[in-house]
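Notes follow once the structure below has been shown.
As a basis for the values below, the full set of heavy atoms in this structure was taken, side chains included, without hydrogen atoms, waters or symmetry mates. Indexing begins at 1, ligand by ligand and atom by atom, following the structure's order.
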Amino acid sequence: MKKLAAGNWKMNGTAAALAEVQALIAAHPAPACEMLLCPPATLIGHMASLAKDSALCVGGQDCHPKASGAHTGDISAIMLKDAGASHVIVGHSERRTDHGETDALVQAKAVAAVSAGLVAIVCVGETEAERDAGRTLAVIGGQLDGSVPAGAVAASLVVAYEPVWAIGTGRTPTLAEIAEVHAFIRARLTARIGVEAAGVRLLYGGSVKPSNAAEIFAVPDVDGALVGGASLKAADFGAIVAALGT
Ligand code: PGA
């Protein structure tokens with residue numbers, strides 16, 4: 001299985017930031033892992049043109065479950081594909097919190113993504129209060145059951161484990177805690193989608209940076225990372241890409 005370094009720019013970046021993308025592409029012409037950046041929708045077309053004939057893939061950060069219609073401000077999976085995206089993140093905790101997205105909505109978005117020909121990166125993760133209450137695995141199990149489409153296949157599904165309390169905080173779970181959750185996710189996916197689960201990339205996300213990437217990538221069942229802040233600079237994201245290739 002090829003590992004995946006995915007960057008999530010969130011609501012950051014204007015055209016000036018594309019210089020970082022040029023630097024990343026130049027520094028990593030043939031990485032050992034798949035390399036993906038998910039910029040704001042306004043930059044997808046630009047970034048996809050820059051990334052043409054390079055090792056960089058481009059993705060969206062969200063999509064609407066419908067293909068088109070009266071949904072002001074929303075973007076469909078078909079539109080992302082048309083703009084040059086190959087992947088889309090669905091169910092990021094910031095979407096779940098800021099926009100009240102439910103597991104059922106996240107699942108509908110994942111279905112739309114796959115039918116548009118995109119790889120869906122489905123995000124799950126517990127809050128700090130849920131971890132403190134010993135509910136981490138129960139929460140993640142529920143999110144997986146509710147958000148992963150029935151019949152999902154490895155070629156078009158990635159699952160990202162992102163503890164909400166680790167996002168943008170500089171805090172990370174212990175390696176043993178990451179291992180426990182990733183093993184649990186693999187088992188729960190196997191119960192849900194059978195043998196396909198073995199080939200689904202499981203990303204860890206939450207305060208991944210060059211200094212902790214290698215140790216996190218050595219954890220069993222960690223098949224890559226979803227990186228926020230450290231994906232904005234080519235040097236930092238490139239170091240994480242390189243850590244996945246060793
Ligand atoms: P972070 O964000 O790397 O800045 O913690 C990760 C994410 O939210 O995907």
Atoms of ligand 1 less than 4.0 Å from His92 heavy atoms?
7 (C), 8 (O), 9 (O)

Test: Asp223 and Lys2 ion pair at under 4.0 Å:
no

Proximal ligand 1 atoms for Asn8, defined as those under 4.0 Å from one of its heavy atoms:
9 (O)

Against ligand 1, does Lys209 come closer than 4.0 Å with any heavy atom?
no

Just by distance, with hydrogens left out, do Trp9 and Gln61 show a side-chain donor and acceptor under 3.5 Å apart?
no

What protein heavy atom is closest to atom 4 (O) of ligand 1, reported as residue, atom name and distance in Å?
Gly229 N, 2.9 Å

Decide whether Glu130 and Thr127 meet the rule of one side-chain donor and one side-chain acceptor closer than 3.5 Å.
yes

Cys123 near ligand 1, heavy-atom distance under 4.0 Å?
no

Mind checking the CD-CD1 spacing from Glu162 to Ile140? Nearest 0.5 Å is all I need.
11.0 Å

Could you tell me whether the side chain of Gln143 and the main chain of Gly125 form a donor-acceptor pair under 3.5 Å?
yes

With the threshold set at 4.0 Å, does a side-chain nitrogen-carboxylate oxygen contact exist between Arg96 and Glu101?
no

Say whether Gly168 and ligand 1 are in contact under the criterion: heavy-atom distance to a ligand atom below 4.0 Å.
yes

Non-hydrogen atoms of Gly206 versus ligand 1: any pair closer than 4.0 Å?
yes

What orientation do Tyr161 and His182 show, parallel under 30°, tilted 30 to 60°, or perpendicular over 60°?
perpendicular

Identity and distance of the protein heavy atom lying nearest atom 9 (O) of ligand 1
Glu162 OE2, 2.7 Å

For ligand 1, which part of Ile167 has a heavy atom less than 4.0 Å away: the side chain, the backbone, both, or neither?
both

Check: of Ala160, Gly170, Gly228, min heavy-atom distance to atom 6 (C) of ligand 1 comes from Gly228

Here the gap from Glu215 atom CD to Ile178 atom CD1, rounded to the nearest 0.5 Å, amounts to 8.0 Å

Counting from 1, what ligand 1 atoms have a heavy atom of Ala166 closer than 4.0 Å?
5 (O)

Between ligand 1 and Ser207, is the shortest N or O to N or O distance under 3.5 Å?
yes

